[in-house]
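Report on the structure given below.
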2 protein chains.
Amino acid sequence: MPLIQEIRRHHNLAELAREHGFRLTTQRRLIFSILESASTHMNAKEILAQARRVDPGIDQVTIYRNLAVLKKLGVVDELDLLHLRGDQHYYEARQDRPHSHVACLQCGKVMEFSSPAMDKISTEIRDELGFSISFMRVEIGGACAECRRKTPLTSPQTKANQNVSRSKKLN
Amino acid sequence: MPLIQEIRRHHNLAELAREHGFRLTTQRRLIFSILESASTHMNAKEILAQARRVDPGIDQVTIYRNLAVLKKLGVVDELDLLHLRGDQHYYEARQDRPHSHVACLQCGKVMEFSSPAMDKISTEIRDELGFSISFMRVEIGGACAECRRKTPLTSPQTKANQNVSRSKKLN
DNA sequence: TTATTGTTGCAAAAGTTTTGCATTAAGAAA
DNA sequence: TTTCTTAATGCAAAACTTTTGCAACAATAA
Ligand SMILES: [Mn+2]
Ligand SMILES: [Mn+2]
Ligand SMILES: [Zn+2]
Ligand SMILES: [Zn+2]
């Protein structure tokens, strides 16, 4: 882990916070560092669990309040990820370049995908609508290559189309 | 309202439902027709309210269950719209062409924007990842042209940066 | 018309996020 | 360093949205 980048990152957060009148509490720093080093997209519950391994007394409300602050500072992005599991949202430290999230509705895997077409869209919206973009989400749902090979899930509902031939499988 | 299209649409829903073993109840038809003729994106609560003007006895759980069915049938899309108001999601009848949703976080206005770049992205993901796309969301948050002219909202939080000069306005 | 079973409505439960408030602690000023 | 201001935290309760269980109902096909 390159030290210089570490330092620069923290410097940015500290400076950003100060500029906006936010204090740099240990909890805030902890939550941000968790997201910075996360290898997956985490929801509030997961962030809380991991934060408690360092600060057992931290409360969930502190997670929520700080996620709101970190979003405002633009250092954390909130994702819907199609609510893959439950009703929560997911969070990630803001990346250098925007990327789309491709979620497999069968196995739950989430892939990231970068494309110049994303910049194209944001440029168009800025130029044609005069809109000032704060953030952008591209979220895609479907079936990954791996799952497509395996049996397509029964996706629908009750008994009707489980073994009735005219009932097509959905997805 | 062109009758031919009306008929074709309903025919599609009836056929789709039958193919998948779903029944075409009056409630289901009502909910779909509400979304079909809606001029705005509606959340479950709003759909319920409007449905009750026709069927006062309809329950919210019927709204939720049917939105799930209509989504599975691919005739309704669920949107996050950055949770502009509260924690709900929004729904719209599936359109002919995919479009992105541009939401102003200040006035709450939601604009729709179509671009070939969206198709570009989905094509890339299909070809490069071997991913089968069921649906795609592009959601953008920021400030609309109109709001940019007016005073930028204080967006942040407490008293600190309300009148302290070094505190920049966020968005 | 009858049989089957998907669907509805009601009520309760579950899951997630927010609010109120006293206490603590970050950061600026003295 | 010490003092002072007030943003931030933790705890508990509340608010909100969505889901589940189940008996009664109604859409389809036989
Ligand atoms: Mn990501
Ligand atoms: Mn969402
Ligand atoms: Zn998969
Ligand atoms: Zn606006």
Side-chain angles (χ1 to χ4, degrees), chain A residues 13-15 17-32 42-49 51-52 55-73 78 80 83 85-91 156-167, chain B residues 13-15 17-32 42-49 51-52 55-73 78 80 83 85-91 156-167:
Chain A
L13 179 60
E15 190 175 306
R18 193 165 5 87
E19 279 175 0
H20 295 284
F22 292 111
R23 293 176 182 176
L24 204 53
T25 64
T26 57
Q27 293 93 332
R28 183 161 295 162
R29 213 190 310 261
L30 171 59
I31 291 167
F32 182 57
M42 305 174 74
N43 60 34
K45 200 176 184 178
E46 294 165 338
I47 296 170
L48 174 64
R52 281 191 165 154
D55 177 358
I58 198 172
D59 192 86
Q60 57 176 17
V61 76
T62 300
I63 305 296
Y64 285 112
R65 290 194 273 229
N66 274 295
L67 287 173
V69 169
L70 295 171
K71 275 194 293 173
K72 281 182 183 166
L73 293 179
E78 181 174 12
D80 180 276
H83 291 250
R85 312 190 293 279
D87 286 334
Q88 318 90 330
H89 276 183
Y90 297 84
Y91 302 86
Q157 63 308 332
T158 51
K159 303 153 194 171
N161 47 2
Q162 281 185 350
N163 33 29
V164 179
S165 60
R166 78 172 188 291
S167 294
Chain B
L13 179 59
E15 191 174 306
R18 193 164 5 85
E19 279 174 1
H20 295 285
F22 291 111
R23 293 178 183 174
L24 204 53
T25 64
T26 57
Q27 293 93 331
R28 183 161 295 161
R29 212 191 310 261
L30 171 59
I31 291 168
F32 182 57
M42 304 174 76
N43 60 32
K45 199 176 184 180
E46 294 165 339
I47 296 169
L48 174 64
R52 281 192 165 154
D55 175 359
I58 198 170
D59 191 85
Q60 57 177 20
V61 77
T62 299
I63 305 296
Y64 284 113
R65 288 194 275 230
N66 274 295
L67 287 173
V69 168
L70 295 172
K71 275 194 293 173
K72 281 182 182 163
L73 294 179
E78 182 174 11
D80 181 275
H83 290 251
R85 310 192 294 281
D87 287 333
Q88 319 91 329
H89 276 183
Y90 298 83
Y91 302 86
Q157 65 306 333
T158 51
K159 305 154 194 172
N161 47 2
Q162 280 187 350
N163 35 28
V164 178
S165 59
R166 76 171 191 293
S167 294

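Letters A, B, ... are given to chains in the order of the sequence lines, protein chains preceding strands, and every chain is numbered from 1.
- Looking at every heavy atom in both residues, A/I63 comes nearest to A/A44 through CG2-O, 4.0 Å.
- Side-chain contact between B/I47 and B/L67: present, with at least one pair of heavy atoms (C-beta onward) separated by less than 4.5 Å.
- In this entry the distance linking CD of B/E19 with P of D/dA29 reads 13 Å, nearest Å.
- The shortest side-chain heavy-atom distance between B/D80 and A/H89 falls under the 4.5 Å cut-off.
- The nearest whole Å value for the distance from the OH atom in B/Y91 to the P atom in D/dT17 is 12 Å.
- No side-chain heavy atom of A/V69 sits less than 4.5 Å from a side-chain heavy atom of A/R65.
- Across the interface with DNA chain D, nearest-nucleotide mapping of B/R85 and A/D59 shows A/D59 to be the residue nearer the 5′ end.
- Residues meeting the side chain to side chain contact (heavy atoms under 4.5 Å, CB included) test with B/D55, sequence neighbours left out: B/Q27, B/L30, B/I58.
- B/G57 comes within contact range of the sugar-phosphate backbone alone, with a heavy-atom separation under 4.0 Å but no base atom that close.
- Summarising the geometry, the separation between CD1 on B/I58 and P on C/dC10 is reported as 11 Å, rounded to the nearest angstrom.
- What separates NZ of B/K45 from P of D/dC16 is a distance of 7 Å, to the nearest Å.
- In this structure, CZ of A/R29 is placed 12 Å from P of D/dT9, rounded to the nearest angstrom.
- Side-chain atoms of B/R23 and base atoms of C/dT5 include a donor and an acceptor less than 3.5 Å apart.
- Within the structure, a side-chain polar atom (N or O) of A/N66 is placed less than 4.0 Å from OP1 or OP2 of D/dT9.
- When each of B/Q88 and B/T25 is assigned the nucleotide of DNA chain D with its nearest heavy atom, B/Q88 is the one assigned upstream, toward the 5' end.
- Distance, B/L48 CG to D/dC16 C1': 15 Å, rounded to whole Å.
- Atom P of nucleotide C/dT16 and atom NE2 of B/H89 are separated by 13 Å, given to the nearest angstrom.
- Checking C/dT7, C/dG9, D/dT9 against the side-chain heavy atoms of B/F22 singles out C/dT7 as nearest.
- Protein atom CG of A/L24 is 15 Å distant from nucleotide atom C1' of C/dA28, rounded to whole Å.
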- line: The contact string for nucleotides 19-24 of chain D, one letter per nucleotide 5' to 3', using protein heavy atoms under 4.0 Å with B, S and - for base, sugar-phosphate only and none, comes out as BBB---

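- Every residue meeting the salt bridge (Lys or Arg N to Asp or Glu O under 4.0 Å) condition with A/R85, not counting sequence neighbours, appears here in chain and number order: A/E46.
- Inter-residue side-chain proximity for A/L13 and A/L70 is flagged as met; some heavy-atom pair is nearer than 4.5 Å.
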